[in-house]
Amino acid sequence: MCFVYFTMYGMMLVALTPNYHIALVSWTLFVIVATKIQLTFLRDEENCTTLWLQFFVVIIVAKRIPTTLDGPFKPLTHRFDPLLHKGSDDLPMDHPRLKRNVTSFFPEQIALALSTSFIFNVDFLDHWVDKLLEPRGEAQIGLNVTPHDPKTVASEVWYGKESGKYTVKQNGASVVYSQLYPFEGLWNYTSGIIHHVKIDGLEPETKYYYKCGDSSLAAMSDELEFETFPLPAPNKYPRRIAVFGDLGLTSNTTTTIDHLIMNDPSMILMVGDLTYANQYLTTGGKGASCYSCQFPDAPIRETFQPRWDGWGRFMEPLISRVPMMVIEGNHEIEPQAAGLTFQSYLTRYSVPSKESGSNSNLYYSFNAGGIHFIMLGAYVDYNQTSAQYSWLQHDLEKVDRGVTPWLVAAWHSPWYNSYSSHYQEFECMRQEMEEILYTYRVDIVFSGHVHAYERMNRVYNYTLDPCGPVYITVGDGGNIEKVDADHADDPGKCPSPGDNIPEFGGVCHMNFSSGPAKGKFCWDRQPEWSAYRESSFGHGILEMVNSTHALWTWHRNQDIYRENSHGDQIYIIRQPQTCSVDSKVPFHLPQRQDSRLSPSIPVALEH
């Protein structure tokens, strides 16, 4: 009887385990325990308790969350589930979450961003009309557009510690931008009035209520709220940080954001490729999953700028209460007349570039409690003679690991990537910048660009290294270009050295000069530095436990309705004694060590 109950209970417990992979391991270990015990032992009721205890030990071991100290891990691949769709179309502009839902001149597309842990930026946009209902602040699109005067509407934020009681008012600045094309027949665009207001004098770890708009026009938003972060300290952290990239505006996007909201983040890290407005012609219509395939005769990479407005409305319920920190991706380049680029990105969202000593909104840094974040630009000069590299050196020198123990970096295009898509695309950037990040012991690196998930073992210069960063790719937000499912080590899927040319910078594609892939451009199996990869849409959550332990969880979209289910989970552990930063790191770092790669085509720097 003991054997019957034991078997039934074991099957039930394993079946109820929410994570499929844990359940599989649990069942395997259960079978091993059961089969090694003879039936005579199973019939012995006195020893039944011993068997129960063994079984519970099996379950506990199977459910233990691994740590980076358990690594390096044997590479693991979960291939694309053929029962799922690889992608979906964009939501139309009249979708309830994209269309304009405010009347007259009330503000919309409200967003928060950090300036410091207790200074916030509030960004919002308005379209307003005068008493004669003549459009005065509407975004315009067509052959001929006229920019608005941004000074015609005030930029105000009223806020306080009690709901309905706004004791402080801050004024900000307002701007407009235009997207203009020097080609016949292409439509131009000029934005509504965009407002940026910095609110300071805030207390750390405090909830505030606010409204924004122009009080003289009786056009203020509904009441919103946010909570400030703790001051930088080794035992104070944001509660939960959501990380995603390559989001777009598809039905997959809605699942990603709905799932993310359920996980209740206190901060958002967006690693580039926001709207995918450049998957359209200037006249709108239907977006393309492959722009060059659908629009081969386009004279320039066109954009349909109203998609930015739709994205701002779509994200407002989240980012009007949770600060979002962004870095640009290739879909934000958006070239236009006079060689201008990045105008939508640079104008719409605030980042603390000046506060961090940067002269460009394309790279900056900030603190959030005991974390120092470095946001690097992959589409602006990154070589060792560049302004960005010089800024990075100065920024890293100023980091006090006694105050901000965690050092996290983010940029759009991954350096370590085993998918066919974008394989070795930003090898030049890696060769220029990897050493300085390793020298200063960056703990975690987040990137996007590849539309799939991948977590690396700790690595430096393509060599497993216990002091290297943990690189994580989260470009799986759900955009119109669909999920990436092919790996460079799959038969016939290795790109040629002439593929994957970056939209900025040089080409540094290389063959490996040592290791299992010596002499080859691609591995013939999942590389040893790739710990886990899976072709699914999703998002990640980073939770700092203390100054040495952080819990990273990647959530797949298909698990949205499965409680406590996730695709990948690991404790990332810092070892400050083993991997210490020399307090006397020289300003001029030593020259790069010889790479494990050898050139397969000439290097062509085009910075």
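All figures in this text were calculated on a predicted structure; none of them were measured in a lab.
Every pair passing salt bridge (charged side-chain N to carboxylate O under 4.0 Å, His left out) that includes a residue from residues 330-351 is listed here, sequence neighbours excluded: D309-R348.
Electrostatic pairing of R100 and D94 does not count as a salt bridge here, judged by no charged N lying under 4.0 Å from a carboxylate O. Between R430 and E435, no side-chain nitrogen of the basic residue sits less than 4.0 Å from a carboxylate oxygen of the acidic one, so the salt-bridge criterion is not met.
We find the OH-CD1 distance between Y177 and I194 to be 6.0 Å, quoted to the nearest 0.5 Å. With rounding to the nearest 0.5 Å, the separation of OG1 in T146 from CG in N144 is 7.5 Å. Note that the CG atom of L376 and the CE atom of M429 stand 5.0 Å from one another [nearest 0.5 Å]. The NE2 atom of H195 sits 10.5 Å away from atom CD1 of I110, with the distance rounded to the nearest 0.5 Å.
Between Y440 and E397 the shortest side-chain heavy-atom distance falls below 4.5 Å. Considering only heavy atoms from C-beta on, L396 comes within 4.5 Å of I374 through its side chain. Using a 4.5 Å heavy-atom threshold, the side chains of W311 and L274 count as touching. At a threshold of 4.5 Å between non-hydrogen side-chain atoms, the residues I193 and L125 do not count as touching. You'll find the side chain of V197 stays beyond 4.5 Å of the side chain of N171, heavy atoms only. Contact of the S191 side chain with the Q305 side chain is not registered, since no non-hydrogen atoms from C-beta on lie closer than 4.5 Å. Using a 4.5 Å cut-off on side-chain heavy atoms (C-beta onward), F446 and L542 make contact. In this structure, the side chains of I300 and P335 come closer than 4.5 Å at one or more pairs of heavy atoms.
The minimum heavy-atom distance between K151 and S174, with the atom names listed, is N-OG, 4.1 Å.
Of the possible donor and acceptor atoms, none in the side chain of E108 sits under 3.5 Å from a partner among the backbone N and O of F124. Between the side chain of N359 and the main chain of G357, no donor-acceptor pair closer than 3.5 Å is present. No donor-acceptor pair closer than 3.5 Å links the side chain of S390 to the backbone N or O of S386. Judged by distance alone, with hydrogens and angles left aside, the side-chain atoms of H148 form no donor-acceptor pair with the main-chain N or O of P150 at under 3.5 Å. Using a distance-only test at 3.5 Å, with no hydrogens or angles considered, no donor-acceptor pair links the side chain of Y423 to the main chain of P495. Without hydrogens or angle criteria, T253 side chain to L247 main chain gives a donor-acceptor distance under 3.5 Å. A side-chain donor-acceptor contact under 3.5 Å links D246 to the backbone of H449. For the pair N417 (side chain) and P414 (backbone), a donor-acceptor distance under 3.5 Å is absent. E302 contributes a side-chain N or O that, together with a main-chain N or O of T282, makes up a donor-acceptor pair within less than 3.5 Å.
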Salt bridge (charged side-chain N to carboxylate O under 4.0 Å, His left out) between R533 and D489, intermediate numbers included: CA-CA 13 Å; R533 61 188 183 186; D489 49 275; 2.8 Å; yes
Derivation and outcome, side-chain hydrogen bond (donor to acceptor under 3.5 Å, both in side chains), residues H412 and D273: CA-CA 8 Å; H412 182 62; D273 283 3; 3.1 Å; yes
Residues T303, Y181; criterion side-chain hydrogen bond (donor to acceptor under 3.5 Å, both in side chains); working and verdict: CA-CA 10 Å; T303 68; Y181 295 100; 2.8 Å; yes
side-chain hydrogen bond (donor to acceptor under 3.5 Å, both in side chains) assessment of E432 paired with N383: CA-CA 5 Å; E432 294 291 333; N383 67 41; 6.0 Å; no
Q336 vs R301, side-chain hydrogen bond (donor to acceptor under 3.5 Å, both in side chains): CA-CA, chis, key distance, verdict: CA-CA 9 Å; Q336 57 168 305; R301 186 67 180 260; over 6 Å; no
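Ring orientation note: the planes of F521 and H509 are tilted relative to one another, at an angle of 30° to 60°. The aromatic rings of F226 and F120 sit parallel, their planes meeting at an angle under 30°, below the 60° perpendicular limit.
Annotation: ring pair (Phe, Tyr, Trp, His ring centres under 6.0 Å) contacts of H451 (sequence neighbours excluded): none. For E316, the side chain to side chain donor-acceptor pair (under 3.5 Å) test picks out no residue, with sequence neighbours left out. Here D395 pairs with S365, H372 under the side chain to side chain donor-acceptor pair (under 3.5 Å) rule; sequence neighbours left out. Listed by chain and residue number, nothing satisfies the side chain to side chain donor-acceptor pair (under 3.5 Å) test with S320 (two or more places apart in sequence, or in another chain). Judged as a side chain to side chain donor-acceptor pair (under 3.5 Å), and not counting sequence neighbours, K211 has no contacts.
Stacking of K86 on the aromatic ring of F80 is recorded, both the 6.0 Å distance cut-off and the 45° axial limit being met. For the pair R556 and F537, the NZ or CZ position fails the cation-pi test of under 6.0 Å to the six-membered ring centre and within 45 degrees of the ring normal.
In this model, no donor atom of one side chain and acceptor atom of the other lie less than 3.5 Å apart for T473 and Y453. Side chains of N121 and D123: a donor-acceptor N/O pair is absent below 3.5 angstrom, by distance only. E355 and S115 share a donor-acceptor pair across their side chains, judged by distance under 3.5 Å alone. Side chain to side chain, N557 and T255 fail the donor-acceptor criterion of an N or O pair below 3.5 Å. One side chain, E427 or Q431, offers a donor N or O that lies under 3.5 Å from an acceptor on the other. Between the side chains of N361 and S353, at least one donor N or O sits under 3.5 Å from an acceptor N or O.
Checked against a 6.0 Å centroid threshold, the rings of W391 and Y363 count as neighbours. A distance of 6.0 Å or more separates the ring centres of Y280 and F295. Aromatic pair Y379/F426: ring centres closer than 6.0 Å.
Around the CG atom of D258, the shell of radius 6.0 Å holds more than 12 heavy atoms that belong to other residues, nucleotides or ligands.
Among the candidates Y276, W308, F342, the single residue satisfying the ring-ring contact (aromatic ring centres under 6.0 Å, His included) test with H331 is Y276.
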